[in-house]
Amino acid sequence: MNKWRKIFLSDNIIVPLVAILLGLLVGAAVMLIGGYNPIDAYRFLIKRVVGTPYDFGETIRQITPLIFTGLSVAFAFRSGLFNIGADGQVLIGMTASTAVALSWSGLPSWLLVPLSVIAGGLAGGLWASIAGYLKAKRGINEVITTIMLNWTALYFSNYVIRHFYLLKGQNRSEDIGASATMTFLGSTFSNARVHWGTVIALLAAVFFFVYLWKTKQGYEMRAVGLNSKAAEYAGMNVGTNVVKAMFISGVFAGLAGTFEVIGVFHYQSVFAASPGYGFDGIAVALLGMNHPFGVVLSAILYGVLTYGSAGMSFGAGVPPELIKIVIGSIIFFIAAQGIVRFVLKPFYLKRKKEKVM
Amino acid sequence: MDVLTLLGQLLNSTLVFSTALIFSALGGIFSEKSGVINIGLEGLMIFGAFAAGVGTYYAQEAGMGNWSPWIGIIAAIIVGVLGSLIHAVAAITFKADQTISGIVINFLAAGLTVYIVKLLFEGSAETPLIHAFQKKAIPLLRDIPVIGEGFFNAYPTTYLALILVALSYFVLFKTPFGLRLRSVGEYPGAADTLGVNVTRMRYIGVLISGALAGIGGATITLTTTSTFAHNTISGQGYIAIAAMIFGKWNPVGALGAAMFFGFSQAIRNYVQLFEWSKSIPQEFIFMIPYVLTIIVLVSAVGRSAAPSALGTSYDPGKR
Amino acid sequence: MSASTPVVELKQITKRFPGIVANDSISLTLHKGEIHALLGENGAGKSTLMNILFGLYQPDEGSIEIGGKPVKIDNPNKAIKLGIGMVHQHFKLVQPFTVTENIILGMEPKKGVNIDYKSASAQVAKLSEQYGLRVNPDDKIQDISVGMQQRVEIMKTLFRGADILIFDEPTAVLTPQEIEELMAIMRRLVAEGKSIILITHKLKEIMEISDRVTIIRRGKVIDTVDTDKTNPNELAEKMVGRSVSFEIDKTEPNIGPAILQLNNVKITSKDGVSLLNGLNLEVKAGEIVGIAGVDGNGQTELIEAITGLRKIDSGSIKAGGKEIANLSARKIAESGVGHIPEDRHKHGLVLDFSVSENLVLKTYYQAPYSKGSFLNRNAIDEHAQELVGKYDVRTPGIETKVRSMSGGNQQKAIIAREIEMNPELLIAAQPTRGLDVGAIESVHRQLIEQRDMGKAVLLVSFELQEIMNVSDRIAVIFEGRIVGEVLPQNTNDQELGLMMAGCWDQGGQPVE
Amino acid sequence: GNNKPANNSSSSTEGGNTEASSGDNTASTKSNAKIGLVTDIGGVNDKSFNQSAWEALEALNSESGIEHKYLQSGSSADYIPNLNQFVQGGYDLTWAIGFDLGDATKQVADANPNAKLAIIDSVVDAPNVQSVTFAENEGSFLVGVVAGLTTKTNKIGFIGGAESPVIKRFEVGFIAGVKAANPDATVTPTYAGAYDKPDTGKSLASQLYDSGADIIFPAAGQTGNGVFNEATARNKAGGATKVWVIGVDKDQSLEFGDEVTLTSMMKRVDVAVKTITQEVIDGKFEGGKITTLTLKDDGVGLPETSKANLSQEVLDKVEEYKQKIISGEITVPAE
Ligand SMILES: Nc1ncnc2c1ncn2[C@@H]1O[C@H](COP(=O)(O)OP(=O)(O)OP(=O)(O)O)[C@@H](O)[C@H]1O
Ligand SMILES: Nc1ncnc2c1ncn2[C@@H]1O[C@H](COP(=O)(O)OP(=O)(O)OP(=O)(O)O)[C@@H](O)[C@H]1O
Ligand SMILES: [Mg+2]
Ligand SMILES: [Mg+2]
């Protein structure tokens with residue numbers, strides 16, 4: 001995909017920005033039709049995000065799992081796999097972290113926190129590897145298996161929580177002790193639930209970049225993703241790479257779950273329906289053009305819009321569903337850049353001769 | 001209860017769940033056979049469920065009585081087609097990544113439908129209840145053992161689904177249209193050089209998928225919920241995608257896969273009727289359909305045969 | 001030849017791609033009943049020009065006249081209506097469809113709303129008979145040989161009643177027999193009053209069949225000449241811009257110990273068909289062994305078995321004395337086996353990788369291209385820079401994606417990569433397919449250089465001339481076995497042809 | 001949807017009554033109190049639980065002019081910021097609607113000791129929070145009695161959303177009611193595993209009816225819609241036995257008709273919200289108080305419309321049990 005490179009080529013940095021603008025305009029139009037005031041709505045959206053240190057911190061909290069799941073989906077894409085299963089991998093990651101944090105709550109923090117993080121990542125990775133293994137060994141399309149594994153993960157997590165860690169009379173696990181939590185800078189953000197996971201998410205993006213483009217294993221993975229036959233010819237083990245790619249993808253997703261538990265909630269709920277982190281991840285990955293740094297940017301955009309949407313409905317009475325229309329439109333315009341270029345043509349872009357590919 | 005009656009009832013129950021999947025999976029097939037990935041089935045189903053809810057309601061208000069659900073179906077087709085048009089424009093005309101533009105549909109559908117419902121019904125997030133379809137038994141066929149109870153005492157939509165499976169198979173594999181549609185999904189370059197209009201065929205494929213997934217969504221409103229709300233469709237679109245792949249992009253295969261999902265769903269419910277099931281943790285019972293699917297995939301179904309050009313936009317200048 | 005009526009006139013056609021002018025004000029006239037050859041190096045712009053005539057590309061400048069009338073051909077459908085048919089360089093066939101389905105696509109005979117398969121098959125069978133094409137209408141494309149696929153391509157145009165036919169390198173993938181048959185078909189077509197533009201790199205074919213030749217170099221027309229007033233040397237010189245030698249300077253081989261030894265190798269397919277049937281073969285250091293054979297007699301399986309891409313059922317394969325049968329592709333490569341694959345797009349390259357990334361496709365994990373777990377970009381780029389110069393790979397830069405390079409240059413990159421690994425055994429499968437004479441010359445020179453350095457070379461080619469010119473020894477493969485071996489100086493085309501058809505005992509003398 | 005709501009509140013079964021009919025005659029003293037309300041993912045127009053609560057505030061707004069606003073939660077992570085939005089915005093009372101908001105409410109209450117909060121369906125132990133829960137088991141007992149007396153087949157079905165403390169109260173109370181009225185009847189409890197899967201509800205209902213049950217009590221939110229649909233279809237088709245559904249949270253006969261709705265187990269969320277909000281307006285808010293609305297308070301119970309399908313005999317029996325429960329003669333199990 002040379003889309004990413006294109007973005008950094010001067011006139012292309014402008015296209016995503018205009019896409020965002022157009023998306024907001026579509027949202028405004030829909031608001032006007034519904035009889036709402038779009039200017040107020042967007043004003044309150046921004047206010048909700050940057051109005052107070054607390055809200056700013058909460059926005060960061062909102063963005064963090066999006067980075068992880070976005071990276072997860074993007075990493076799989078880069079290796080030629082469509083991981084619809086980040087959702088389940090998040091849940092499994094949560095569950096493993098919760099289990100570790102509650103089972104060994106006596107351990108000191110410096111040991112318990114890393115253990116719980118590792119458990120979450122590993123569990124997410126292994127769960128994803130099931131789909132990878134079935135693809136590699138039996139040629140079973142990962143789209144189906146990951147969908148099925150999502151539901152399986154939902155019920156499996158509920159089973160673990162309800163049968164081993166349930167807080168009596170509640171619909172959630174017991175509380176995770178302070179020794180297993182990862183909050184930081186809480187006071188700076190007026191007790192917003194900011195946690196170390198954000199830093200680790202950014203590191204994960206850097207890892208993604210370095211791994212895929214700077215290491216030999218990443219080179220293999222990209223080769224397998226782009227042309228598995230040639231990879232095989234060159235002596236790479238396609239099956240192993242598929243499993244490995246799913247594993248790493250699952251680790252990212254698992255970590256999203258981990259930090260929701262030990263960073264944000266400090267307990268795990270019994271879910272009646274999937275929390276949907278993974279599906280957000282698909283949108284974030286695609287919006288970020290499957291590039292790690294693109295994912296970070298798109299997670300920020302996505303997080304800001306979703307967190308800010310409450311401000312919109314609070315301040316301007318706009319139904320919160322509207323934000324989905326805005327996000328959908330932005331993705332639409334970013335994907336269909338042709339439209340944006342068309343809109344821009346009279347203003348900026350010199351007509352390009354024949355676009356290749 | 002004897003085994004045959006039971007089987008008939010299980011089958012009947014199976015169809016409740018599978019009918020919507022059949023429509024939507026068929027829709028997916030038309031789109032993907034033409035080479036356009038349709039991850040937006042979920043959104044298209046939402047559009048359909050919404051249109052059926054609203055359309056049927058207004059038809060009833062207008063005094064159309066028993067015809068109202070059919071108006072709902074037509075509304076679902078129209079709205080489904082309009083929704084898929086967005087996908088088509090982005091993915092085909094503007095050569096956007098097909099997965100992305102499918103996701104766009106999911107977002108827009110989830111947002112727009114609830115937003116419009118709120119505007120139409122004074123803030124209510126749910127459409128008013130409607131008189132939905134009723135089951136109709138087919139006189140003679142109904143008396144066939146097992147099959148009769150299983151298939152021929154069903155909703156009109158179920159019959160429609162079965163007819164559409166046959167029709168889709170026929171259209172895809174016996175008509176010039178089908179040949180062209182498939183050629184465009186396999187090798188658009190070849191089709192183009194023979195004068196087949198790749199863009200047009202793909203548009204048609206995607207729009208048909210909008211119509212069919214729309215009916216799929218409508219089925220849920222018109223036979224199971226009688227109302228449309230934000231969670232009327234929650235994941236069925238993805239299961240339909242799974243059914244389409246499981247069925248190897250073949251209408252009959254998709255029918256089988258959809259029935260299989262429905263059946264494992266029915267099994268999972270059926271198990272709960274027995275006292276002994278109480279000793280099994282509930283969550284494991286809930287897992288049955290999904291785990292069963294994976295097991296069947298592992299043991300029975302081999303590699304899937306996606307259309308070769310699936311996911312690629314067509315550019316005659318591309319080498 | 002009726003030199004009078006021009007059926008096609010291309011006037012001052014210019015077509016630009018980013019960074020390159022593929023066609024630079026090209027004019028060309030095709031007369032009725034003429035076979036007009038188009039000759040030029042890889043990347044000269046031949047396919048581009050023909051794609052413009054067929055409506056796949058739009059010219060940036062220039063105009064087209066058909067039968068004297070100016071036309072605008074903005075899609076293939078228009079071209080078809082104007083009676084133009086094109087057989088593309090890369091086949092445009094839908095693999096899972098049948099021959100009939102591929103041919104009728106777009107103008108299907110109908111019965112009611114159905115496709116009338118019966119009458120369609122009958123029509124296809126009739127066409128097939130009329131032109132002696134011998135295809136089975138009900139076979140699926142994925143199951144038939146390349147030569148057969150070529151004929152299906154031709155039938156597609158005939159079925160549409162085209163009388164202006166464009167053949168873009170139709171012979172590149174054909175066996176000698178198939179080429180002869182194709183020539184015969186072309187003669188029959190012009191005899192019926194059709195006109196043909198033929199693109200080929202094979203001067204022999206041009207001399208044999210064409211009426212006129214237009215030579216293109218770097219997007220410009222160099223000259224148009226009557227075939228009977230020219231000769232291969234002149235053509236080659238005009239095309240490349242320098243003189244080309246067709247004779248290959250080859251010293252006597254200096255043969256060493258056996259490097260590759262196959263003993264009674266057997267492979268049976270899943271459906272029980274015997275692919276390799278007790279194959280024995282030996283290649284020694286310092287010699288080039290050519291494998292001659294009709295497509296589909298086990299060449300592909302032989303190569304896959306040696307290189308570890310396919311498991312064998314029984315027998316032994318030794319490289320440098322070490323058993324390598326059923327080892328992984330990587331192990332085998334590391335034990336000194338280089339492989340120029342048959343299909344460069346499918347196997348040889350990751351088209352969306354850059355030139356430099358492709359040049360380390362097999363060595364990226366070794367020093368100096370990797371240090372620890374990390375790639376060493378500098379070393380990779382340096383290596384690429386060096387190879388691009390040394391092997392004359394023409395590319396705008398080492399960061400360019402291979403996809404955008406011409407086939408010839410893609411092939412050069414693969415050869416560069418494989419030779420640079422310094423293998424003891426080099427396997428070259430169809431190494432010159434689709435290359436221009438200049439490029440072919442350089443590939444041949446490199447193979448011989450390897451042999452002179454004491455390496456063993458196994459050459460698989462459908463190009464008999466290539467086998468005869470380059471090999472030191474020829475092994476004929478038939479139905480999964482080596483049925484005979486001959487020395488090139490002791491044989492000729494006819495004899496080889498007979499052996500390839502399975503009649504070796506009547507033909508050549510087995511060497512051993 | 002691809003943006004699935006988190007943590008579908010276990011208690012978001014269809015809640016409360018749509019018409020704000022607390023029936024009392026509020027002295028319409030003007031008030032400029034600011035009242036906030038945070039919903040779970042259902043939103044205030046969910047035709048159930050959240051809606052009942054919101055409508056109570058709307059009613060108060062028209063009566064005494066209070067200022068009122070709501071925030072809909074997109075996921076469970078939104079609970080705390082949404083509560084904070086009101087609390088830090090100086091609202092006089094902030095409502096948290098739903099079992100799952102318990103933890104969030106506790107945290108926000110502790111961090112803002114001067115703020116006043118109230119929660120439905122969960123108990124929060126904090127001096128500035130009023131908690132309201134319902135004795136779902138008692139109400140369910142009564143509809144169990146109805147079912148036990150009405151069944152012709154002596155087989156009755158129960159469909160829960162997912163196992164949780166609240167749903168367990170429904171199940172246990174219901175079974176106890178059936179057994180009390182009709183020891184021969186058996187109840188088959190089943191679970192759908194979700195509150196938003198009408199197709200599962202329908203298929204479960206179909207199997208329960210096939211297995212001989214003639215009454216089903218679904219406590220499963222939207223999943224229950226499928227149950228009503230299946231029952232309607234069966235009755236229209238004219239099967240051998242007439243089948244019934246017992247509505248939940250509000251009077252569902254208003255929605256699905258008397259044809260299939262035997263009776264409903266009502267939960268008066270609106271009453272609770274109105275009462276406590278009024279207390280704040282009147283300056284009588286009692287932080288830390290836990291209210292459990294029971295049969296005695298008419299917080300749970302049968303709707304008036306039940307008369308349509310229930311004979312006087314049955315209604316008398318129901319009344320009899322109701323009195324026994326109120327008097328403490330019968331203790332209905334809760335788990
Ligand atoms: N129906 C679909 N919807 C969305 N994405 C799909 C669909 N089918 C396939 N894909 C994506 O396209 C890719 C190719 O799928 P496919 O089943 O052809 O696998 P493959 O890697 O080509 O293996 P095989 O050797 O079995 O052909 C998959 O990785 C998957 O992510
Ligand atoms: N779609 C395209 N985009 C960009 N460049 C292209 C495209 N098609 C062709 N080119 C470039 O135009 C030039 C002419 O290519 P063309 O395929 O016409 O050559 P050719 O003469 O047919 O070569 P060959 O003998 O290898 O088939 C080459 O440099 C090629 O890289
Ligand atoms: Mg494939
Ligand atoms: Mg060419």
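Here is the naming used below: chain letters follow the sequence lines, and residue numbers restart at 1 for every chain. This is a predicted model, so every value here is computed, not measured.
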Enquirer: Return the CG to CD1 distance between C:D139 and C:I144, rounded to the nearest 0.5 Å.
Expert: 6.5 Å
Enquirer: Counting heavy-atom pairs under 4.5 Å to chain B, which of C:Q95, C:E108, C:E101, C:M86 comes out on top?
Expert: C:E108
Enquirer: Which bit of C:Y117 comes within less than 4.5 Å of chain B, counting heavy atoms only: side chain, backbone, both or neither?
Expert: side chain
Enquirer: Counting only heavy atoms closer than 4.5 Å, note whether C:N75 contacts chain B via side chain, backbone, both or neither.
Expert: neither
Enquirer: Checking B:Y203 against B:S34: is there a side-chain donor and acceptor pair closer than 3.5 Å?
Expert: no
Enquirer: Please classify the contact between C:N51 and chain B as side chain, backbone, both or neither, with a heavy-atom cut-off of under 4.5 Å.
Expert: neither
Enquirer: For C:P96, is it the side chain, the backbone, both or neither that has a heavy atom under 4.5 Å from a heavy atom of chain B?
Expert: side chain
Enquirer: What residue, out of C:I104, C:I115, C:D116, has the most heavy-atom pairs lying under 4.5 Å from chain B?
Expert: C:I115
Enquirer: Do B:T19 and B:T158 meet the criterion of a side-chain donor-acceptor pair at a distance under 3.5 Å?
Expert: yes
Enquirer: Give, as side chain, backbone, both or neither, the part of C:L93 having an atom under 4.5 angstrom from any heavy atom of chain B.
Expert: backbone
Enquirer: Look up atom CD1 in B:I215 and atom CG in B:L164, then write down how far apart they are to the nearest 0.5 Å.
Expert: 6.0 Å
Enquirer: Quick one: NZ on C:K46 to NE2 on C:H201, what's the gap to the nearest 0.5 Å?
Expert: 4.0 Å
Enquirer: Return yes if a side-chain donor-acceptor contact under 3.5 Å exists between C:D168 and C:S47, otherwise no.
Expert: yes
Enquirer: Picking from B:V196, B:L179, B:D192, which has the most non-hydrogen pairs under 4.5 angstrom with chain C?
Expert: B:L179
Enquirer: Taking B:G178, B:S183, B:G189 one by one, which has the highest count of heavy-atom pairs under 4.5 Å against chain C?
Expert: B:S183
Enquirer: Check each atom of B:F170 against the heavy atoms of chain C and say whether the ones under 4.5 Å are side chain, backbone, both or neither.
Expert: side chain
Enquirer: Regarding C:T14 and C:N23, is there a side-chain donor-to-acceptor distance under 3.5 Å anywhere?
Expert: no
